[in-house]
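As structure tokens, the structure follows; a few thoughts come after it.
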Amino acid sequence: MATDPVLVVHGGAWAMPDDMVEAHLHGVNNALAAGWRVLDRGGSSLDAVEEAVVVMEDDETFDAGRGSFLNRDGKVQLDALIMDGATLRAGGVGCVERLRNPVRAARKILSESPHVYFVAEGAERFAEEHGIALCKNEDLIISREVERLREYQAELARREADGSTPNGNDLFAPHISHDTVGAVALDRNGNIAAATSTGGTLNKAPGRLGDSSLIGCGCYADNLSAAASTTGWGEPIMKLVLAKWTADRISAGNMPEWSAQEAMNYLQQRVNGHGGIIVLSPDGHFGIAHNTPRMAWAYQNMRKKDAGVERLAP
Ligand code: ASP
């Protein structure tokens with residue numbers, strides 16, 4: 001029996017200022033259109049989430065692909081994961097520096113490798129051997145991010161000098177941008193999939209891996225529970241294995257809307273984390289929740305299409 005397709009995408013959860021709302025809405029709508037084209041012609045949820053995420057990786061608005069945050073050394077270091085709910089196959093890359101679209105490499109791993117996860121040069125070598133062209137790290141860096149890193153490091157030095165943030169971990173935490181991107185989809189065959197892609201956090205230590213590309217943390221998909229993609233401060237999210245935690249609530253019989261909100265409550269209460277989540281069950285219900293002031297989201301099903309940055313009305 002054919003299922004009605006559903007696609008939900010996000011472009012990060014944070015205190016997004018008013019003057020950045022339009023660019024984010026534009027970006028998530030473009031991603032939605034690309035993913036929906038796949039689902040509408042009967043394509044797979046896996047292809048749909050990949051295409052949606054590629055659009056946001058290519059859009060400099062987001063912290064994914066070109067235009068991502070810079071790490072402490074001034075380099076872009078990217079992480080991505082894609083997961084197929086029908087087979088539980090997954091592909092992840094971490095700390096890659098020469099891939100424009102890390103989700104494409106993640107998809108190659110899912111489809112063509114017996115392994116699940118590759119990092120750094122090994123991931124780049126795998127991608128190249130499987131027909132993905134490498135770029136230079138400089139091709140991923142834009143001047144906005146060079147300036148942002150410079151300002152951040154200057155502020156960090158000032159605060160460390162006066163002793164106000166000894167380790168700098170939560171510098172500007174509620175306002176710091178979390179522009180990670182992600183998508184969850186349900187296709188006409190009833191299969192769900194999820195993908196998440198990120199440049200991680202600003203000024204991160206080289207080699208630091210966040211939640212986004214870790215199975216069950218920033219991304220998860222299982223036809224027996226749900227597909228989920230998270231964004232936000234990665235360290236708290238990964239401690240709670242939050243995407244899987246949320247999927248488990250759904251397989252226990254809870255609605256995605258409730259489960260997404262519960263995930264945010266749990267994140268806040270248990271580890272004082274902040275972020276957002278999109279989650280979709282195989283019966284087509286979905287939830288969008290964040291405990292940050294805003295999150296860029298968009299969804300489409302056979303009845304409706306919408307996008308926003310404020311809390312989705314129940
Ligand atoms: N969760 C990502 C990370 O910690 C960042 C983000 O969502 O913006 O790497």
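All figures in this text were calculated on a predicted structure; none of them were measured in a lab. Order of listing sets the numbers, starting from 1, for every ligand and every atom in it. Each residue takes its place number in the sequence, starting with 1.
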Sidechain N-carboxylate O distance under 4.0 Å for [X], [Y]:
X      : Y      : answer
Arg148 : Glu145 : yes
Asp47  : Arg41  : no
Arg100 : Asp58  : no
Glu51  : Arg104 : yes

With a cut-off of 4.0 Å, which atoms of ligand 1 are near a heavy atom of [X]?
X      : value
Thr231 : 6 (C), 7 (O), 8 (O)
Gly200 : 9 (O)
Thr201 : 4 (O)

Using heavy-atom distances, let me know which of Gly273, Gly182, Gly232 sits nearest atom 2 (C) of ligand 1. Gly232

Could you tell me whether some N/O pair between Arg208 and ligand 1 is separated by less than 3.5 angstrom? yes

Would Gly234 count as being in polar contact with ligand 1, using the rule that some N or O on each side must be under 3.5 angstrom apart? yes

Proximity flag Ser212 to ligand 1, non-hydrogen atoms under 4.0 Å: yes

Below 4.0 Å from any atom of ligand 1, is there a heavy atom belonging to Gly12? no

Only distances under 3.5 Å count here; give the side-chain donor-acceptor pairs of residues 298-305 to other protein atoms, sequence neighbours excluded, each with its distance to 0.1 Å.
residue, atom, partner, partner atom, Å
Asn301, OD1, Arg303, N, 2.9
Asn301, OD1, Lys304, N, 2.8

Any heavy atom of Asp179 under 4.0 Å from ligand 1? The part involved is backbone

By side-chain contact (heavy atoms from CB on, under 4.5 Å), which residues pair with Lys244, not counting sequence neighbours? Tyr220, Val241, Asp248

Would you check if Val93 and Tyr117 make a side-chain contact, meaning some heavy-atom pair closer than 4.5 Å? no

Please state which protein non-hydrogen atom is closest to atom 8 (O) of ligand 1 and give its distance, to 0.1 Å? Thr180 OG1, 2.8 Å

Where is the nearest protein heavy atom to atom 3 (C) of ligand 1: which residue, which atom, and how far? Asp211 OD1, 3.4 Å

Does Gln261 reach the main-chain N or O of His290 with its side chain, forming a donor-acceptor pair under 3.5 Å? no

